[in-house]
Amino acid sequence: MSPDENPPIFIFKTIRLNPGVTKINFFCCIMFSVLTLFGSAGINGLHLLILLDRNYYNVLQDNAGSMNTLILVIQSIVTVTLGIPYGYIGDRFGRRTLILIGAASLLLGSLLIPLQTTIFPGFVAAFLFVASAAAAFAGVPLLADYVADESRGKAFAFAGIMSGLAILIPNLLTKVFFYANFSLGLCYSIFGISSFAGLLLNNLGLKKGTVRRKEQNKPKEEEISFLVRMKEAIQVFKSNRWLQIGLTLQAFAGSDFGIFMSFLTLYVQYLFPTGASVDGKIIVNNLQSVMIVMMMISMPLYGYLLDKKNVLIHLCMLSLGGGIAGLAFIAISTQTVIFTLYIGAFVFG
């Protein structure tokens, strides 16, 4: 290390930060993940409920599955379409700018969805803002910017634990809101406004600039246009099979979880007679809590097994078997108080 360089900074004595990155930057990086998941999980957990609610869209349960599938398709299309331009904005204008765009989109979507009276174009148009926010947040690689290469595994493990808490907190808050008889519109507003304010405040602690590291005596690179960058990104995707497999599995995993949550919501609503919708919402929320807690417990354990043991195929089969068993237990449940409903959520988680 030269005399002009500062000594490396470590988090928990094991996670080394890149030069120029402070502990405050790292803390705000983790808080960014927590805040985005807090807002996104809280808002996305309400979508199917507000579609079924007679005070808002009052969609028939026979049509709710199709409507929710349309929502998932729209979200996927928007995320894929905006992924490259949002990535370019993050590199060109900085991570803070992209986070501001995502926070504003999330706020607009959360405020507009309860105000609409029609599915087309009302709900769909408002939901586009929520999908746009998800695409913007996905294009902010703060951990990759801030953490040294050899410490990324530990950093992502820590971030994963915090992410689990970030998903559990809005789930528990939603339970409180339902017990307090808050309207779904008010729940949307609470999640949207609090996430927007938190992200703006958190932005102050993130590192300024558009690049991770500035190398000494490096000539200034010629500015590359957006179209050229997009062509390069597509070419990299076409030529890298592991990247194709990874992104495909990631997309399927996200869709599967969304589809399962939709099935669970609709199934529980079917078990309740007309007029008991509040109880149905609480039961759905309780089942979600069981799944999230089990996911938080299981992720570190399975991560350890993947690192220490050659059990990749075994864990894949366990995952598939758990999904099948979880669905089977829920499908044979004919009452909301029956234990098989919670066993299904436990196994699926």
For the pair [X] (side chain) and [Y] (backbone), establish whether a donor and an acceptor sit closer than 3.5 Å, ignoring hydrogens and angles.
X	Y	answer
Asn44	Ser40	yes
Asn58	Asp53	no
Ser194	Phe191	yes

If you link I, L, V, M, F, W and Y whenever their side-chain heavy atoms are under 4.5 Å apart, who else ends up in the same group as [X]?
X	answer
Leu60	none
Leu112	Leu108, Phe129
Phe196	Leu100, Leu107, Leu111, Ile193, Leu200

What pair of heavy atoms forms the shortest contact from [X] to [Y], and how long is it?
X	Y	result
Ser333	Leu341	OG-N, 3.1 Å
Leu143	Ala159	CD1-CB, 3.8 Å
Ala135	Leu82	CB-CB, 4.0 Å
Ile99	Phe137	O-CE2, 4.0 Å
Ala133	Gly102	CB-O, 3.3 Å
Lys23	Leu17	N-CD1, 4.1 Å

State the [atom1]-[atom2] distance between [X] and [Y], to the nearest 0.5 angstrom.
X	Y	atom1	atom2	result
Tyr342	Phe329	OH	CZ	15.5 Å
Leu142	Met31	CG	CE	13.0 Å
Ser289	Ile282	OG	CD1	11.5 Å
Arg92	Leu98	CZ	CG	14.0 Å
Gln288	Ile283	CD	CD1	12.0 Å
Arg96	Leu199	CZ	CG	13.0 Å

Could Lys207 and Asp145 be called an ion pair, given the rule that one side-chain N must be under 4.0 Å from one carboxylate O? no
Test side-chain contact (heavy atoms from CB on, under 4.5 Å) on Val130 and His47; report intermediate values, then the result. CA-CA 11 Å; Val130 178; His47 284 333; 4.2 Å; yes
Does [X] share a hydrophobic cluster with [Y], counting links as ILVMFWY side-chain heavy atoms below 4.5 Å and allowing steps through other members?
X	Y	answer
Leu49	Val176	no
Val347	Phe339	yes
Leu201	Phe26	no
Phe10	Ile15	no
Phe12	Ile30	yes

Is there a side-chain contact between [X] and [Y], using heavy atoms and a 4.5 Å cut-off?
X	Y	result
Phe127	Val78	no
Leu165	Val34	no
Ile9	Val21	no
Ile24	Phe27	no

Suppose we screen for side chain to side chain contact (heavy atoms under 4.5 Å, CB included). Which residues come up paired with Tyr57, at least two apart in sequence or across chains? Ile50, Leu51, Val59, Ile113, Gln116, Ile119, Phe123
Side chain to side chain contact (heavy atoms under 4.5 Å, CB included) with Ile190: which residues, sequence neighbours excluded? Phe177, Phe182, Leu186
Would you check if there is a donor-acceptor pair between the side chains of Ser132 and Tyr86 at a distance under 3.5 Å?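 Ser132 and Tyr86 do have a side-chain donor-acceptor pair below 3.5 Å.
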Is there a donor-acceptor contact under 3.5 Å linking the side chains of Thr22 and Asn25?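 Note: Thr22 and Asn25 side chains meet the donor-acceptor criterion.
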Under 3.5 Å, which donor-acceptor pairs do the side chains of residues 317-326 form with other protein atoms, sequence neighbours left out?
none

Can you tell me if Leu172 has over 12 outside heavy atoms packed within less than 6.0 Å of its CG? yes
